[in-house]
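To start, the structure itself, in structure tokens.
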Amino acid sequence: MNLIKGILCCGLVLSSQLIFGQQDPKMDRFIDDLMGKMTIEEKIGQLNLVTAGEATTGSVVSTDVEGKIKAGNIGGIFSMTTPARIRKAQELAVNQSRLKIPIIFGMDVIHGYKTIFPIPLGLAATWDMDLIQKTARVAAIEASADGLNWTFSPMVDISRDARWGRISEGSGEDTYLSARIAREMVVGYQGDDLKKYNTLMACVKHFALYGAAEAGRDYHTTDMSLHRMYNEYLPPYKAAIDAGAQSIMTSFNDINGVPASANSWLLTDLLRTDWKFNGLVVTDYTAVNELIDHGLGDLQQVSALSLKAGVDMDMVGEGFLTTLKKSLDEGKVSAAAIDRACRYVLEAKYKLGLFEDPFRYCNEDRAKKEIGKSEHLQLAREAATKSFVLLKNANQTLPLKKSGTVAVIGPLANTGANMPGTWSVSADLAKTASLVDGMRAALGNQVQIVTHLGANLTDDAALQERSTMFGRTIPRDDRPAETIIAEAVATANKADVIVAALGESSEMSGESSSRTDLNIPASQRRLLEALLKTGKPVVLVLFAGRPLTLTWENEHVPAILNVWFGGTETGKAVADVLFGDVNPSGKLPATFPQHVGQLPMYYSQKNTGRPLAEGAWFQKFRSNYLDVSNAPLYPFGYGLSYTTFDYSPITLDKQKITASDKLQVSVQLKNAGNYDGAEVVQLYIRDMVGSQTRPIKELKNFQKVFLKKGETKTLTFEVSNEDLKFYNQKLEHISEPGMFKVFVGGNSRDLKEADFELVN
Ligand code: BGC
């Protein structure tokens with residue numbers, strides 16, 4: 001059968017039949033047989049993915065879904081939920097369409113389904129791989145219990161420009177960390193057998209390079225050297241595929257002159273031929289149609305281009321449905337190309353077990369029992385506490401004492417709808433506790449909480465409206481700002497401590513939510529100034545979907561806890577950390593700049609030919625700015641704890657290694673403070689001399705370890721030749737003999753270092 005597939009693809013796909021990998025002969029026979037019965041219209045119908053419009057994730061909404069199902073014109077539906085509704089739609093397909101082909105049901109289950117976990121950037125800040133896998137598993141259990149079998153996740157786009165709102169949806173700036181997380185999420189969703197009733201097919205997105213949009217403006221162009229792509233941006237997609245992800249979504253952006261959704265180099269040469277991907281390729285929302293605006297032709301032309309480039313399924317736009325038959329008749333696409341796409345769609349359904357039992361995922365009983373279970377909420381609370389990053393804690397302001405009165409002030413204090421964070425389309429907003437309610441639930445009557453809005457989210461009402469869409473409203477108070485602040489200060493004066501709940505609303509990040517100003521909005525900054533003037537201890541609980549510029553806050557506020565958007569259990573989790581039941585251990589997965597003008601910013605930069613001298617702020621004719629130093633405000637990997645960790649110097653078991661050796665890198669880590677706590681010990685490597693320029697350091701490993709107060713542990717990492725490899729100008733994955741530095745520490749700036757040599 002593999003040979004037949006190879007023949008089917010001749011002329012379209014450059015490689016042999018091997019591109020389909022070693023598959024299941026039983027599946028091949030089944031699909032051969034089915035496709036033998038299908039008309040060309042029915043095959044094209046399978047390539048059509050529509051939205052049921054229950055959760056709006058784009059501006060075009062599909063019409064006459066019922067009629068199209070009966071006519072065999074739909075392969076998949078997304079954003080339809082509940083076993084009852086899904087069963088009805090599936091019944092139409094398997095009882096009323098000619099060939100009774102079941103439908104696949106998808107949704108954006110990004111960081112939880114009903115039980116919402118922290119936004120992906122927050123989950124990345126946990127650096128806890130088991131936990132991340134568990135969150136994906138729970139998401140799959142809940143979503144599959146509600147009738148779904150496909151999720152448009154993980155999003156693995158590397159982003160180094162915090163202006164881009166979708167940095168919130170990925171794992172941040174680092175290639176290695178993102179690749180590790182991608183793997184865990186795929187395994188969490190798909191489990192060990194996609195046919196099981198409680199799994200979801202993963203969809204890696206957005207292929208590719210979507211996070212490198214110019215100027216951080218969403219949907220903008222990406223133009224990137226192959227060298228950078230291979231070394232820095234592609235590995236997380238590859239990692240997800242290697243972990244077995246069965247589908248991939250093309251991105252909206254242009255890549256070096258050809259948009260991803262029409263890019264045959266990307267979708268065929270790289271994905272199928274080099275990477276041997278044998279799953280389904282789906283476009284992003286109306287991405288085929290958008291090729292018209294990219295300037296590639298009319299709908300018929302762009303649909304043909306996209307199919308030929310390697311797209312199998314067309315999301316929402318119906319360009320495939322309405323034009324491919326005409327293109328076939330006119331000789332503009334081949335029957336083999338349509339067969340190829342149809343086969344991948346049918347294979348996905350087969351792998352999910354839908355041909356055996358189309359109603360496998362429609363179990364009302366499971367929906368009742370498994371969605372929102374207490375274990376799931378417990379995991380959400382744990383994940384949230386672990387995602388929080390303590391950015392500053394002067395004079396041990398934190399943890400707080402569980403007594404007296406706390407004033408929780410700010411526009412994020414009393415909004416449950418903003419706690420889940422962006423891309424939580426299935427969240428029950430009305431049922432999500434606000435920060436204050438969650439804190440009260442966790443603290444009972446040990447602490448009295450008083451609260452006030454304090455300030456509008458932004459002074460500009462129109463900006464606030466754009467930033468609180470999809471029901472994520474925050475009430476506005478139209479009285480003069482000074483009046484609101486005066487009231488808030490009066491409330492704060494009744495308390496022993498002030499918790500300022502400030503930052504972004506959840507829809508200030510996410511899709512189509514790019515920003516040019518990354519300061520806390522001016523309305524909130526004024527409130528913060530007034531709260532600081534009370535002279536009471538102030539803790540800034542910062543809500544953010546991206547790195548913000550906190551230079552002023554870092555200078556003036558004694559304690560800052562960055563809580564991203566923590567999901568369903570945010571309020572309780574904030575109480576756990578503020579009052580010391582949980583010691584914070586999150587570390588930043590993306591650099592926090594001092595100033596927006598430093599973006600794009602990332603730790604793994606190149607040295608340049610004119611680097612600044614170590615410790616220098618400014619030097620003429622060196623690579624720097626006149627007005628802001630090159631340093632980040634908070635470096636990648638940074639995050640404080642209530643305790644402190646001391647690192648010993650590094651010891652190496654040898655000074656020289658060959659390509660077949662393993663280098664043992666050890667440090668002693670001591671919990672030198674007064675609390676038990678966890679530390680993320682990070683290992684970076686620098687290749688000192690090579691045939692081409694290399695980053696000043698790159699993360700290559702990490703361990704998250706828990707130490708009781710006073711405890712010391714020796715940690716050993718193994719460095720192998722694989723860790724020293726990179727893609728050279730010929731895109732060969734090689735290492736080069738020579739000197740290397742290895743660094744170990746608690747963030748990408750404060751590190752111990754040692755030298756070793758790779759010899760032939
Ligand atoms: C987003 C995707 C999402 C899709 C379906 C698009 O607008 O870019 O990430 O999966 O909509 O909701």
Side-chain angles (χ1 to χ4, degrees), residues 48-62 65 74-81 104-113 119-121 136 139 143 148-159 164-171 182 185-186 189 200-213 216-220 222 236-237 240 245-255 259-261 280-291 293-294 311-318 421-427 469-470 507 509-514 545:
N48 193 26
L49 174 63
V50 300
T51 173
E54 277 176 30
T56 318
T57 61
S59 54
V60 180
V61 175
S62 310
V65 171
I74 284 179
I77 299 180
F78 76 100
S79 291
M80 178 183 275
T81 58
I104 189 169
F105 291 91
M107 186 138 184
D108 291 280
V109 181
I110 308 293
H111 49 110
Y113 181 64
I119 56 168
L121 194 62
L148 298 162
N149 41 44
W150 188 18
T151 175
F152 302 139
S153 173
M155 188 280 215
V156 303
D157 305 319
I158 297 287
S159 177
W164 192 55
R166 302 197 81 170
I167 192 172
S168 55
E169 287 175 59
S171 300
M185 297 205 58
V186 170
Y189 289 136
L200 296 178
M201 177 167 77
C203 184
V204 194
K205 68 187 190 184
H206 306 82
F207 196 54
L209 319 179
Y210 182 39
R217 203 182 80 202
D218 210 358
Y219 318 125
H220 207 352
T222 297
Y237 305 103
Q246 288 300 316
S247 68
I248 193 162
M249 185 186 292
T250 67
S251 55
F252 289 125
N253 53 289
D254 186 335
I255 297 177
S261 304
L280 170 67
V281 178
V282 62
T283 67
D284 203 341
Y285 208 108
T286 59
V288 172
N289 314 58
E290 291 167 25
L291 296 170
D293 280 324
H294 273 289
V311 166
D312 303 318
M313 206 172 202
D314 172 9
M315 189 191 286
V316 179
E318 303 201 342
T422 191
W423 275 112
S424 50
V425 290
S426 44
M469 293 174 78
F470 310 123
E507 297 311 306
S509 64
E511 186 169 353
S512 185
S513 296
S514 294

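Position 1 is the first residue of the sequence; numbering continues from there. Atoms within each ligand, like the ligands themselves, are counted from 1 in listed order. Worth saying up front: this structure is predicted, and the values here are computed from it rather than measured.
Counting only heavy atoms from C-beta outward, the side chains of Ser247 and Phe152 never approach each other to under 4.5 Å. The side-chain heavy atoms of Asp254 and His294, taken from C-beta on, include a pair separated by under 4.5 Å. When side chains are defined from C-beta on, Asp218 counts as touching Trp164, because their heavy atoms get closer than 4.5 Å.
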Evaluate the side chain to side chain contact (heavy atoms under 4.5 Å, CB included) criterion for residues Val316 and Phe78: first the C-alpha distance (whole Å), next the side-chain angles of each, then the deciding distance (0.1 Å), finally the verdict.
CA-CA 9 Å; Val316 179; Phe78 76 100; 3.5 Å; yes
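Among residues two or more places apart in sequence or in another chain, the ring-ring contact (aromatic ring centres under 6.0 Å, His included) test is passed with Phe470 by none.
Donor-acceptor pairing under 3.5 Å is lacking for the side chains of Asp157 and Ser159.
The immediate protein surroundings of ligand 1, defined as residues with any heavy atom under 4.0 Å of it, consist of Thr57, Phe78, Asp108, Phe152, Arg166, Lys205, His206, Met249, Phe252, Asp284, Tyr285, Met315, Trp423, Glu511.
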